[in-house]
Structures are given as structure tokens and as C-alpha cells.
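What follows is one structure encoded as C-alpha cells, with my remarks underneath.
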Amino acid sequence: MNLNMDKPLRRVTIFALLLIFALMVQVNYIQGSQAEKLQTHKLNNRQFLDVFKRPRGKILAGGEVLVYSKQQPNSENYARYYKDGEIFAPVTGFFNGGASGIERAYHSLLDGRDKRITNQRWFDQFIGKPAIGADVETTIIPNAQRRAYRALAQANPNLRGAVVVMDVRTGAIVVMASYPSFDPNEVAPQTGEKGAKRLVELEGKPNDKGEVNERNKRLKPLVNNVLEDTFFPGSSFKSVIAAAALDNGLNKNSTVPAPSTYTLPGTNTQLPNSHEGGACGGAGQAPLILTFAESCNTTYGILGAEQLGIDKVLETTKKFHYDQRIEVEPDLRTVPSKFPEMNQAETALASIGQGNNTATPLHMCLVAAAAANDGRIMKPYLVQRVRAADQSVIEEADPQELSRAMSPGQAEQLADMMREVTRTGTARNVPQLAGKTGTADFDGVEYNNRWFVGFAPADKPRYAFAVITQGIGSGGEAAAPIAASVMREVLKK
């Protein structure tokens, strides 16, 4: 009788083993390949309950740890700490369940839930071991970032500014400073309800008492001025009009109109130059390169509105991706710069960077990058590589061309025109750089947007930059010295 029972028992045993094997396969599938999808599903509220119970990966720059996690005393939760928080906030962003900057763009990798981590560490998931977040290494040069932020703060502590510097050969952003900024430590997970209230205050929204911080509402410290807002570019935009002129058959030595004043088409409004004499008010005509160096408003108003026309100008702006949201990292994009279709008078004003023309500092940096790099614009990026806990590389930057905005010959001519600006023109105080100054005034206020956009070194370009700071005075007086100071630090590398 026992012999008769052996066969059914064997069958049951085999069936049970098969069930166990199938269960393990299913668990492996769920815990491994499906883990990230399930954890981030909108119906899974556990993702919000345990987000602070895992150590996030570090964010680094030039070997410095800018952001790290540490378990809080007598708690299973982890705190998040930011080194020189205000200085690096435009890069790192903040994390408190919500996130911005690199914290948002690389959230699943920093949090250890990206499938490239979970698929490799499925057994840890199976036994309930916490995920270990990856470390994100940025392209930022720390000391240059510090110098840029401090220079912006000193330029005018009650107004806004930005500095961006990009490697023209790769697209790596090595400086991305924005002023005013905020300290992510004030809204980190360990700050709890106090941090949530501080975030509302920084946004310039009414608090629970209906009070609004007017300074934050006006100056927008949570906004990354390099990517997330636009400003009147002033005469720095003449670089784009010059590129359009070069593409339309002119060269740097072509004679162009340069009257002392210009009546905007269809109006009685006079467009003057910023100064008399020289290329901008002598014989009424001058070489293109000199009108660029001395920043003749009348020349570029006439070029944009009459000789080129709105269609040609729009075509050129699109070559520089002026109207597009440029992706720097995943979920980290610029707002579009704006040069809409306009009548002739409006086009003339917009051609000198006023009126309906607004630009992000990154877009203006790309214009200079094209001049410095044979007409090519490389796709900008902020992250060099991502490393898992075992130091294996999960992801690494792969420089790619974004577009070709000009021919090499046209780019070299525009580069020569930028060199003339610092040799004889409006930025003679920074001869080691090349670029274009800009000064855009506002109706009803006493300050200007002061720009300097260009590249360095002037003779063998390696980096493009854009600097904007608000205050009294011109771009040559205020922005160009900041660019020179920051680029001295960048070029030490």
C-alpha cells in the first residue's frame, strides 16, 4: 500500500516545487523589472510614505560633494544636506518629496529606484534591503560657480542676474549661477512643516495668514534665471542680426547704414544711437564690424526691419533654437526665448533687443558658442556621469551637436566682430575676452538689463558665456567685468 502512495506523493511534491519556482520567478519579476513602475504608480501611496526612509545618492561637482543624505538621530528617516546651498541651488535644486534641478531630473537614480539599479540588485529587493541611490557627477567647476554667484550678489543685491558658461566643444555647462537664490537646506526633508511654509514664502505666495513676501514675489529666488526666465537682451541680440546679415551676403567689412537717428517705419518715433561720432554718427555709413563694435542702434534697426526683414530674422533665430525649449537634462528645460512676428517698427526695436524680444541667458550663450565653434552649437548638459554604489558607471555624457547655425566662414567673421568689441568697442576693459555688450532699459524703472555675451580666450575659444545683471549703467561697465572675473577662474582648469 505504501508503494501505491509513493507515486501520488511524488506528483504532489513535484507540483508544489513547480509552484514555489513559479512564485519565485513572479517575485523576481515584480521586485526587479517591475519595481520602479509599481513604486511610482499613481495609486501606490507608499511611495510618499517611505521616500524619506532611503538614503539618496550624492550630487558632486569637481570632486566636491554638494549634496548628501544622512540618517537622523533616533529616527529611520534621512535628512538631506546642501553645501553652499544658495550658490549651487540653480544646479542641484531642492528635494523635500517634491524636487527641482538635478534632484528632479535624476530623481529615480538618486533614489535608487531606477530599473538600471533595481535590475542589478533584485536580490536586495527580494530580501527587503533598502535601495542604494546612485551618485550624480555634474560638469560644474565649483570655484567658478562661487565666483559668479558672489559677483552677481555684489553687482546689485536688490535686483536679478545670471551667469552661464559652456564648453563650446562639448556643451558641458561649467557655470550656472542665478541671483537671488535660496538655501535648499531650509526646505529639506528634516525641516518638516517649517520647510513647507518656507517654500511657500520663497514662491511669493500668501502664507496661512495671507501675508506675502513682496521681495520674493518680485525677485523669484526659486527661478533659475539661466533657464527659466527671459529678459530683454538689449544690444547683445545684435549678434543674431549680424549672423543674419552675414548669411544674407554681407561680410564684416561691408558698408552698412549708420545714421545718427532712424525713424521707425510708419511712426514719428526716432531711434537714436547711444553716442555720437565714430561709426554711429559720422558719415552715415560704416563697415559692419565697426557698427557692431560700437553698437549702433540705427544700423541694426535698419538691417532687421528693412534690409533683412522679419522673415529672415525669424529664420535666423530658429537656427539658434531661440524659440525652443532646450532640454539640458531630463525634465530640466529652458523656457523659449521670444521673437514673434511683428510689423516693421516693432521689428526694428526687437532687432536691437528691445520691444517684444526676450531671451534666456542660455539661448544668448548658444549664439556666442556658435561664433566660437565654427558655427556649430553643441547640446548643453549638466551631468557628466552617474555612478552606482559599487562605482560602476550607469550613465555618461555623450556630447552631441544640437545644430549648425552658421557656416564656418560666417562664424569666424562674427567671432572677429566680437573680438573688435573688446579691442576698440564697448568692452575695451576686457581684451582677453571677445563678445557683445547689451544694455536694455525698462519703462518706468531706473535700472537696465546689463549684458555681456561672448567667448574666451579671445584668440582660441574654449568656452562661451552669457552674463546679465540688473542695475544702473551699461553692459560694458557692469557685466563685462563679471565675465572677465568668472572666466579667469574657469580657465584655471
Side-chain angles (χ1 to χ4, degrees), residues 58-67 87-93 101-106 109 134-149 162-178 224-228 320-321 325-334 360-387 393-405 411 433 435 453-457 460-467 483 486-493:
K58 297 186 287 289
I59 300 176
L60 304 96
E64 286 189 40
V65 176
L66 303 181
V67 188
I87 294 173
F88 293 100
V91 179
T92 65
I102 294 297
E103 291 274 35
R104 180 177 63 191
Y106 285 80
L109 280 162
D135 295 338
V136 176
E137 300 175 8
T138 71
T139 54
I140 295 296
I141 300 174
N143 284 341
Q145 177 80 7
R146 291 185 176 99
R147 180 168 292 188
Y149 179 80
V163 177
V164 58
V165 182
M166 187 181 89
D167 188 320
V168 300
R169 299 164 298 184
T170 66
I173 296 173
V174 298
V175 174
M176 190 167 71
S178 179
N224 178 346
N225 293 334
V226 172
L227 307 179
E228 298 172 344
F320 291 103
H321 289 249
R325 290 171 58 89
I326 298 172
E327 183 178 79
V328 176
E329 296 294 345
D331 204 23
L332 187 60
R333 298 174 178 85
T334 69
T360 72
L362 182 61
H363 278 106
M364 295 310 302
C365 181
L366 297 185
V367 174
N373 193 38
D374 294 329
R376 293 182 302 155
I377 300 174
M378 301 301 289
K379 180 184 179 299
Y381 64 92
L382 264 175
V383 172
Q384 189 61 43
R385 67 184 58 85
V386 181
R387 293 185 187 272
V393 176
I394 298 174
E395 190 174 304
E396 189 153 20
D398 178 22
Q400 297 178 359
E401 185 175 306
L402 181 67
S403 68
R404 181 173 284 279
L433 310 181
V453 174
F455 56 81
K460 295 181 179 179
R462 288 174 52 197
Y463 297 96
F465 59 81
V467 176
V486 172
M487 293 314 300
R488 280 195 295 271
E489 193 64 47
V490 170
L491 292 170
K492 288 180 181 179
K493 185 181 178 183

Heavy-atom check, side chain of L227 versus side chain of M176, under 4.5 Å: yes
Test item: R404 side-chain N/O and D374 main-chain N/O as donor-acceptor pair under 3.5 Å: yes
Over all atoms of both residues, closest heavy-atom pair of C365 and M166: SG-CB, 4.1 Å
D135 with K58: basic N within carboxylate O range, under 4.0 Å: yes
Atom NZ of K379 with >12 non-hydrogen neighbours under 6.0 angstrom: yes
Residue list, ring pair (Phe, Tyr, Trp, His ring centres under 6.0 Å) with Y149, at least two apart or on another chain: Y179
Close side-chain approach of I87 and R146, heavy atoms under 4.5 Å: yes
Sub-4.5 Å side-chain heavy-atom contact between L109 and I394: yes
Residues that N224 engages under side-chain hydrogen bond (donor to acceptor under 3.5 Å, both in side chains), provided they are two or more places apart: none
P330 side chain reached by Y106 side chain, heavy atoms, under 4.5 Å: yes
Side-chain (E329) to main-chain (L382) donor-acceptor, under 3.5 angstrom: yes
N225 side chain vs A162 backbone, donor-acceptor pair below 3.5 Å: no
Nearest-0.5 Å distance that lies between atom CD1 in I377 and atom CD1 in I326: 7.5 Å
Reported CZ-to-OH distance for the pair R169 and Y463, which is rounded to 0.5 angstrom: 6.5 Å
Atom pair NE2 (H363) and NE2 (H321), whose distance is rounded to the nearest 0.5 Å: 8.5 Å
Option from V226, L362, L366 for which side-chain contact (heavy atoms from CB on, under 4.5 Å) with T334 holds: L362
Gap separating the CG atom of D331 from the CZ atom of R333, nearest 0.5 angstrom: 6.0 Å
Results of side-chain hydrogen bond (donor to acceptor under 3.5 Å, both in side chains) for T138 - residues two or more places apart only: none
Nearest-0.5 Å distance, CZ of residue R385 to CD of residue E395: 11.5 Å
Any side-chain heavy-atom pair of V175 and R147 under 4.5 Å: no
